[in-house]
Amino acid sequence: MNFQYKTQAFSYRFFVLMLILFAVQILFGLLLALIQLDPDLLKGTLNFNVARAFHLNLAVVWIVTGFMGTILFVGPLLGKKDIRPFWLIKFLFYALIVIVIWTACTLPLAQKGIAGWIGNTPWLQQGKEYLEGGRITDVLLLVGFTIFAYLTLFMFPRKVKTWNEMHWGLAIGVCALAGVWVFSLISTKNLDTQEYFRWYVVHYWVEAVWEIIHITLIGFLLSKFFGADEKEVGFAVFWGVSLVVLSGLIGNSHHYFWIGTPAFWQFWGSLFSALEPLPLIFCLWHVYLDEKHGITPVENRPAFYFIFGSALFESMGAGVLGFTMTMAYANIWEHGTWLTAAHGHLALFGAFGLLVIGATYEAVRKYKNIYRFRGYLGKLSFWLLFIGLVGIMGSFAYGGTKEIFVYRILGLDWWAHQVRPAMANARLLLGFSALVFIAGAIILIYDLFTMKNREISEEEQFARNNKLGSSSRISMWRKNMMPVEFGIWLGGIWFFGLVVTGGVFSFNLHSVRAGDPTIPFILMGIGYIGLILTTLLFAVRFLQAFEQRQNMLQVLQNTDNENLRVIDLKPVIQVRDKEKLILDAFNRLNYGEAFVMVSDKNLSEQHPVLHKVLGVSFAWENLEEGPQEWKVKIGKLN
Amino acid sequence: MSSFIEKEKKARRAAIWIIGGMIGIWIVLSIFSFTDSAARKRPDTTQVTFAGQTALRGKQVFQAYNCMDCHTMVGNGAYFAPDLTKIYDYTGPAWLKAYLSSPGTYPTRAIVNVNLQELIQSGAVGPTTLDDYLAKYPGAKSRVEERGGVQALMPNLGFSADDIKALIAFLKYSSKLNTGGWPPKVIASQSVIQREAEKLESESGLIKSGVTGELKSPNSSGAGGAGSSPIALGKEQTINLGCAACHSVDGSKLVGPSFKGLFGSQVSLDGGRTVTADTAYIRKSILEPNADIVKGFPKSVMPAFGGTLTDEQISDIIQYIKSLK
């Protein structure tokens, strides 16, 4: 183990539990995809609704377990102390297992129609989507979340005044995790109030509280990975969290359009939920900025892949896909169809699942005391999960588009012979995507448990770096991504998102409602395919540039600083001449090569200048810092 | 730099104030969400009843069977089965009662009628003819005509008679919810709908059932040739009535006991008695299904076929059951 704090070691067992629950959850997902293909499969033995209850609840539980693991992993670094008493963490861990087993025993009771009603309280299971566990489960979870909030706050400094934004983000997050969960204990007699409060948990809890934790954790992990400035990350965390609350608090009411609550929600919900993507774009932008901060190579590239994927899917899956369906005139068509599931899979697994997997990579590496390891399996699993996930999303989007036409526009409701055949191809695609996804998950779990086998020693690394070497040309894909290009990619994703939005809106057209689906089918076809491809290509582009940058940072680590070309800035007086000199030297470098600047003044002033002239694709290493002479090594990355 | 920090501090303070304002708006809206006004009255599960069951109990049954993780209710749920919000307005209570008794098969016209008569007799619905009922509930009409006797995807969950009534009460309640215009009205013309439906049905390989739902008497003109033997007629009656939805002819257990090998067998009843399934027993079971419930099967689920069948039709059915060795 290679931890600064003993508390961090406890995160490992949470991550192991998380992976087990994750494996079971996606097997239920596969089973659901198979039942979609053959509705008679396991009928009477394990009905679709019970399998789905497992799929949803496990999704929530494994991600929460992952959050707990992640917070135990980063919390001590943030609070600079251990949790006491340790037995409480152990207790929490075993309690979690007991709750999972108990809930797994109660969910199948739905097949017998047993909910354990006493008065109007369902103690055993309650048949509410996402909150299928009964009141006993809810109460036990509340106790668990309360303990967890206590443990987290215990790690933080006593003096609240000394907290930075990340302390606040996590503190608010873990307290709200317990606080908002209280609404799951509410049992009302009427359906409208029940659905109203159900969304408090499903939306405020999952989408807002988790979001706050998510943004904070991403900020903190990136500041550790790339040495990003704590103040800048704090800035991002504050505004990210504020935007989540600003847009999400009333934005949540997009769930109140059609559940028997008044129509004024349609206005408020449409307006504010349309703003909900803002914090998510903001978060992705900061991942982009932070990634360029690092000047020492990241030793755990798979972890960054997953963290980046998390921010990307949060922006694209939760943000863009959420936007396409959130305004009342679009939502009226989308509501209650597969389109919701298209958004849901990316917003839950894509945003939160990938983040905790990223944290798992880092925790496992530390736990197994591995410094460097070959990341190819982790990256392979990332891409398989990525493709499987967008495949699942695409399948639901495809099926949902057909469903809206058949079920809503034509009003056909014969499931077996009218609605199902319309969605037949989407179901096949769904099954296939699920298999790709599961292949990725198998590799992921294998890689995490056998990471030690792929450890590489320092000598091996040295040899590998030399083999990488420098090069005079690199492909377009590996070049540094400038902010403008980042904006173009994001614009592309939003463009196709807006095309989809237009498609969903176009169901309102009279010609479409009269029975001609051409316009929405074309718009949504182009939109979804474009959205998937742009997202995929953007991820490839971003991570290729990341790979290049990291490779070159490694190569630069190997170079012998004694033999580098030296640019002496001492005799140069004019600023313009200095810039020219540096730029010329830089342009003459191959990728992976470096020169040394020497000056009698502090060169750190030159950093912003270089930034302006060279973009951010250079490596900067201080070799000597005064008082007579300043020496900086400048390397060309991508 | 310090001016930047000052600015940032101001901006943050403003953000926190705006969030505070938002919370205010949100609280006000939330309160108005659940206050009744003259224009808008929320239905109440404790007030809406059906056949003596409250919608509240129906809601509890609905949750107990986790209906929401296949169906959707007010659009929330699993999208694996139809939305149920307005189904009461669409198919009416008699169709729902018939269907929920044996969800594995769509009810035939005759079965809906038997259930309707039973509901009328018990006073749960006012007096009406089947034709009027079907005219009032277009969903019942189209489903009886197009799907009567055809297999459905839903598993048999074994609802009790009270469960069924309670579920109907809850669906009656949900139909009353003001869902703000969702789901949107269908305005496509019947010809377009028909065209698309046929295309999809042919893709699904649907074999039209040929169940008419009409009962035939031995003297009716349609019965001739081989079809006129009592066994053949009895078989036709069981198909048209929809008996097969609950009673298999291959020995497998559905909602009710299988017809196969039934005649002459020893049947153990609820309460410990054992009887021989002879003509008198089967006749009684058709006319008063709840008099003798076979052990292990639900009570009050089968409607009484008293007013629906003539003596001749009943004996044809018994002849048919007798032939299923």
Side-chain angles (χ1 to χ4, degrees), chain A residues 39 43-44 47-50 52-53 110 113-115 117 122 125-129 132 189-193 195-196 238 242 245-246 249-250 256-264 266 268 332-333 335-338 341 406 408-418 420-422 513-515, chain B residues 12 15 18-19 22-23 25-26 29 32-34 40 42 44-46 56 59-70 72-83 147 152-153 155 157 163 174 177-184 186-189 192-193 196-197 200-201 203-204 206:
Chain A
K43 191 192 274 184
N47 288 340
F48 184 89
N49 59 345
V50 173
R52 189 172 187 263
I114 299 165
W117 290 103
Q125 58 93 20
Q126 59 177 352
K128 275 155 64 172
E129 192 195 14
E132 285 88 348
K189 289 183 175 168
N190 283 315
L191 186 71
D192 46 5
T193 41
E195 287 298 285
Y196 178 85
F238 176 85
S242 297
V245 179
L246 277 172
L249 185 70
I250 298 180
Y256 306 153
F257 293 165
W258 331 110
I259 62 166
T261 36
F264 59 68
Q266 292 173 21
W268 291 97
I332 194 165
W333 299 104
H335 185 59
T337 70
W338 273 25
V406 171
R408 297 262 184 266
I409 297 287
L410 300 175
L412 302 176
D413 70 341
W414 193 352
W415 220 254
H417 297 291
Q418 292 169 342
R420 276 178 57 80
R513 293 189 68 179
Chain B
R12 287 188 181 195
I18 294 171
I19 290 173
M22 295 281 216
I23 293 176
I25 297 176
W26 171 69
L29 290 177
F32 277 105
S33 256
F34 298 105
R40 178 184 183 89
R42 296 166 56 222
D44 187 341
T45 52
T46 56
L56 176 59
K59 178 171 168 288
Q60 294 176 347
V61 176
F62 191 85
Q63 284 180 248
Y65 283 95
N66 194 5
C67 304
M68 204 178 178
D69 265 326
C70 285
T72 51
M73 173 50 86
V74 293
N76 296 326
Y79 341 106
F80 183 61
D83 187 75
R147 317 182 199 176
L153 295 177
L157 293 169
D163 282 351
S174 70
L177 283 170
N178 180 347
T179 50
W182 182 92
V186 174
I187 62 165
S189 68
V192 173
I193 294 172
E196 294 290 331
L200 291 166
E201 284 166 20
E203 273 172 40
S204 83
L206 172 69

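Sequence lines set the chain letters: A, B, ... in the order given, protein chains first and strands last, and positions in each chain run from 1. Just so we're clear, the structure is a prediction, and the values are computed from it rather than from any experiment.
- Looking only at distances, a side-chain donor or acceptor of B:Thr45 sits under 3.5 Å from a matching main-chain atom of A:Lys189.
- Using a 4.5 Å cut-off between heavy atoms, B:Phe34 contacts chain A through its side chain alone, with no backbone atom that close.
- Side-chain N or O atoms of B:Gln63 include one that pairs as donor or acceptor with a backbone N or O of A:Gln126 at under 3.5 Å.
- In plain terms, the two heavy atoms of A:Gln266 and B:Gly180 that are nearest each other are NE2-O, 3.7 Å.
- Your options are B:Thr72, B:Val74, B:Ile23, B:Leu157, and the one with the most heavy-atom pairs under 4.5 Å with chain A is B:Val74.
- Both the backbone and the side chain of A:Ile332 come within contact range of chain B, with heavy atoms under 4.5 Å apart.
- A 4.5 Å side-chain heavy-atom check between B:Ile25 and A:Trp268 finds at least one atom pair inside the cut-off.
- Heavy atoms of A:Gln125 lying under 4.5 Å from chain B belong exclusively to its side chain.
- Both the backbone and the side chain of B:Asp44 come within less than 4.5 Å of a heavy atom in chain A.
- In this structure, B:Arg12 is positioned above the aromatic face of A:Phe238, its NZ or CZ under 6.0 Å from the six-membered ring centre and within 45° of the axis.
- B:Asp69 places none of its side-chain heavy atoms less than 4.5 Å from the side chain of A:Val50.
- Contacts with chain A were tallied for B:Cys70, B:Ala197, B:Ala81; B:Ala81 has the most, counting heavy-atom pairs under 4.5 Å.
- For the residue pair A:Glu132 / B:Asn66, no side-chain donor-acceptor distance below 3.5 Å is found, with atom types taken as modelled.
- At a 4.5 Å heavy-atom cutoff, the contact between B:Leu200 and chain A is made by backbone and side-chain atoms alike.
- To the nearest 0.5 Å, atom CG of residue A:Asn49 and atom CZ of residue B:Phe80 are 9.5 Å apart.
- Of the possible polar contacts, none joining the A:Asp192 side chain to the B:Leu177 backbone as a donor-acceptor pair under 3.5 Å is found.
- Put simply, the side chain of B:Met22 reaches to within 4.5 Å of the side chain of A:Ile250, judged on heavy atoms.
- Enclosure of atom CZ in B:Phe32 is not indicated, since only 12 or fewer non-hydrogen atoms of other residues, nucleotides or ligands lie within 6.0 angstrom.
- The structure places CE of B:Met73 at 13.0 Å from CD of A:Glu129, a figure rounded to the nearest 0.5 Å.
- Contact check for A:Trp258 versus B:Pro183: no side-chain heavy atoms found under the 4.5 Å cut-off.
- With values rounded to the nearest 0.5 angstrom, A:Asn190 atom CG is found 8.0 Å from B:Leu56 atom CG.
- Closest of all the heavy-atom pairs between A:Arg52 and B:Gly77 is NH2-O, 3.4 Å.
- Using a 4.0 Å cut-off between charged nitrogen and carboxylate oxygen, A:Arg408 and B:Asp83 do not count as a salt-bridge pair.
- Heavy atoms closer than 4.5 Å to chain B are found in both the backbone and the side chain of A:Phe48.
- Across every non-hydrogen atom of B:Ser204 and A:His417, the tightest pair is OG-ND1, 2.8 Å.
- The parts of A:Thr261 that come within reach of chain B are both its backbone and its side chain, each placing non-hydrogen atoms under 4.5 angstrom from that chain.
- For the pair A:Trp338 and B:Tyr79, the tightest heavy-atom approach, listed with the atom from each and the gap, is NE1-O, 3.5 Å.
- Contact record, B:Ile193 with A:Leu410: CD1-O, 3.6 Å, taken as the closest heavy-atom pair.
- A donor-acceptor pair under 3.5 Å links the side-chain atoms of A:Trp117 to the main chain of B:Gln60, judged by distance alone.
- For chain B, the nearby part of A:Asn47 is the side chain; its heavy atoms alone come within less than 4.5 Å.
- In this structure, B:Trp182 and A:His335 have perpendicular ring planes: the angle between them is above 60°, well past the 30° mark.
- Taking 4.5 Å as the limit, some side-chain heavy atom of A:Leu246 sits within range of a side-chain heavy atom of B:Ile18.
- Ranked by heavy-atom pairs shorter than 4.5 Å toward chain A, the options B:Asn178, B:Ile187, B:Asn76 are led by B:Asn76.
- Note that the CD1 atom of B:Ile19 and the CG atom of A:Leu249 stand 8.5 Å from one another [nearest 0.5 Å].
- Residues A:Trp414 and B:Glu201 form a side-chain contact, since some pair of their non-hydrogen atoms from C-beta on lies under 4.5 Å apart.
- Pairing each heavy atom of A:Trp333 with each of B:Pro184, the nearest pair is CZ3-CG, 3.3 Å.
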